[in-house]
Engineer: 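One structure follows; several queries about it will come next.
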Amino acid sequence: MTWQRRLEEADKRYIWHPFTQMTDYQGMEPVIIEQGEGSYLIDIHGRRYLDGVSSLWVSVHGHRRGEIDQAIIEQLGKISHSTLLGLSNPPAIELAKQLVEITPAGLERVFYSDNGSTGCEIALKMAFQYWQHRGARNKTRFISFKNAYHGDTLGAVSVGGIDLFHEAFRPLLFPVLQAEAPYCYRCSLGLTWPACGMACLGSLERIMKEHHEEVAALIIEPLVQGAAGMITQPPGFLPGVRELCTQYGVLMIADEVAVGFGRTGRMFACDHEGVRPDVMVLAKGITGGYLPLAATLTTEEVYGAFLGEYHEFKTFFHGHTYTGNPLACAAALANLEVFARNKTLEHLAPKIDLLALRLERFKGLPAVGEVRQCGFMTGVELVADKETKDLFPLQEKMGIRVILEARKRGLIIRPLGDVIVIMPPLSISEGELEEVVEIIYQSIKTVIAS
Ligand SMILES: *Cc1c(COP(=O)(O)O)cnc(C)c1O
């Protein structure tokens with residue numbers, strides 16, 4: 001037996017893969033990635049694939065980026081981990097300072113954790129306890145949006161709105177107030193933008209008006225609801241949400257786990273419309289896709305409410321073992337350095353335009369219902385009937401068939417149901433980007449024809 005074969009068998013024998021129907025997985029040839037290089041993933045057979053979804057939305061400057069590799073190696077020469085519970089470390093300090101500098105004004109304090117879900121849990125608990133300390137004991141509830149995704153831990157699932165992922169756990173969750181979210185292609189109010197005047201904001205306003213005295217915070221994915229299928233919000237929606245939060249005394253939590261670090265074309269999605277949230281959650285791209293790290297940032301106002309005498313128990317009783325890990329923070333610092341030194345966002349702008357141009361052609365394909373793009377976040381929604389917008393039957397597994405077709409052609413992507421996601425590393429070259437789009441176009445065409 002070859003060493004490759006041995007690994008493939010051991011993979012199927014021992015690993016339970018996340019978000020994967022293992023019955024299907026057992027019947028497939030596993031792809032085992034051994035190496036990476038720039039925009040490419042390389043498997044144990046030496047086959048090269050373009051990384052079309054940035055290794056699940058994390059890789060920013062590509063794989064084996066010299067500056068980030070080097071920063072981690074240098075940190076390894078000092079220490080790999082020490083706790084942030086009552087102690088500190090240089091990379092965590094320097095990173096906190098830089099995050100405060102680059103995020104929207106008003107965010108002044110950084111609380112670390114190690115993934116997007118915990119980053120959101122922290123935001124929720126922080127907002128909840130803030131109002132308790134302020135004496136507003138009734139402000140215990142949260143507003144979230146239809147189709148929202150904030151992670152897989154139970155608090156994050158409670159504020160989630162994707163029935164497929166979340167419904168099974170409903171008995172374990174706390175109830176939330178759910179507002180309409182814009183999904184203009186399938187507007188739940190049956191309206192059309194911009195003639196609708198963003199009536200979905202009206203639904204939020206009604207909830208705020210009725211319940212604001214019991215609401216601690218609202219949580220939103222700014223500009224794009226990623227996991228729901230790259231659903232983009234019309235301009236004006238995010239500032240409208242900010243305005244309502246301010247008017248009704250509700251903290252605004254911006255979950256920038258997916259959209260942060262350049263994915264939308266600006267460093268943060270909130271930057272596009274000058275929105276200043278009260279709490280911001282960062283993860284995924286924060287280390288350039290190298291190591292698990294998250295940061296929850298908040299204002300001096302929220303932070304200040306937790307100050308007091310030891311015996312008052314105003315302490316924020318939350319923390320994870322690997323919080324503020326020096327290796328991860330060193331990678332994050334190097335990630336920011338590459339952004340600045342290479343003018344990553346400047347170089348990204350023409351690539352975003354190129355992507356938009358190449359996506360035009362998709363609209364002519366029979367099964368393409370809508371193409372949504374916000375910067376480098378793209379979703380191609382497949383439908384059985386363009387007129388009625390009817391979905392394909394689940395048994396057809398259209399999304400999965402398209403990505404398997406793309407795999408044969410040397411591209412790794414992962415769908416969200418029947419939405420094909422394109423989300424390459426920001427560092428991808430124009431030539432590689434053209435190849436990604438072409439492979440997806442041909443793959444969709446092939447699957448529709450069969
Ligand atoms: C991925 C994601 C999360 C969860 O992050 P994990 O690191 O997977 O726990 C939370 N919010 C948004 C918007 C995400 O896309």
Side-chain angles (χ1 to χ4, degrees), residues 17-20 53-60 111-127 142 144-162 164-166 169 173 176 181-183 217-233 237-238 241 252-264 268-270 275 277 279-297 318 320-323 325 328 331-332 335 372 374-379 414-417 419 421-423:
H17 291 269
F19 276 105
T20 300
V53 289
S54 303
S55 293
L56 239 300
W57 316 0
V58 296
S59 181
V60 177
F111 196 100
Y112 287 114
S113 60
D114 28 63
N115 62 73
S117 308
T118 53
C120 288
E121 296 284 341
I122 288 161
L124 299 172
K125 287 174 74 177
M126 213 176 242
F142 295 94
S144 63
F145 289 94
K146 210 176 261 180
N147 299 317
Y149 179 78
H150 300 290
D152 293 334
T153 52
L154 288 174
V157 173
S158 293
V159 290
I162 303 177
L164 175 67
F165 301 166
H166 299 147
F169 301 106
L173 310 178
V176 300
Y183 184 0
L218 164 147
I219 184 163
I220 184 169
E221 294 159 86
L223 296 197
V224 187
Q225 288 186 313
M230 298 294 155
I231 302 171
T232 50
Q233 296 156 12
F237 183 76
L238 189 65
V241 169
M252 179 186 183
I253 301 169
D255 174 357
E256 293 235 10
V257 169
V259 294
F261 297 97
R263 292 292 164 193
T264 66
F268 300 105
C270 282
V275 167
V279 183
M280 187 186 257
V281 187
L282 303 172
K284 288 201 169 102
I286 191 170
T287 60
Y290 268 66
L291 288 164
L293 181 73
T296 305
L297 285 87
H318 190 109
H320 301 281
T321 310
Y322 279 99
T323 286
N325 174 261
N335 175 39
R372 296 183 284 270
C374 178
F376 248 22
M377 299 179 77
T378 308
R414 190 177 161 86
L416 295 159
V419 176
V421 175
I422 313 173
M423 201 161 153

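Whatever order the structure lists them in is the order used to number ligands and atoms, beginning at 1. Because only heavy atoms are used, hydrogens play no part in the values below, and waters and symmetry mates are left out as well, while side chains stay in.
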Engineer: State the CZ-OG1 distance between R372 and T232, to the nearest 0.5 angstrom.
Structural biologist: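 One gets 6.5 Å once the value is rounded to the nearest 0.5 Å.
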Engineer: Do we see a donor-acceptor contact under 3.5 Å between the side chains of H150 and D255?
Structural biologist: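 Yes, side-chain donor-acceptor contact under 3.5 Å.
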Engineer: So, for I286 and N335, which heavy atoms are closest and what is the spacing to 0.1 Å?
Structural biologist: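 Scanning both residues, the minimum pair turns out to be O-ND2, 3.0 Å.
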Engineer: Rounded to the nearest 0.5 Å, what separation is found between the OG atom of S59 and the OH atom of Y290?
Structural biologist: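 One finds 7.5 Å between OG of S59 and OH of Y290.
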Engineer: Give, for atom CG of N115 and atom CG of D152, the distance between the pair rounded to the nearest 0.5 Å.
Structural biologist: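 One finds 9.0 Å between CG of N115 and CG of D152.
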Engineer: Test of understanding: with side-chain contact (heavy atoms from CB on, under 4.5 Å), list the residues that count as partners of A283, not counting sequence neighbours.
Structural biologist: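 Listed in chain order: V257, A294.
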Engineer: For a quick check: using heavy atoms under 4.0 Å, what are the residues in contact with ligand 1, sorted by chain and number?
Structural biologist: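 Ligand 1 pocket, heavy atoms under 4.0 Å: W57, N115, G116, S117, Y149, H150, G151, E221, D255, V257, A258, K284.
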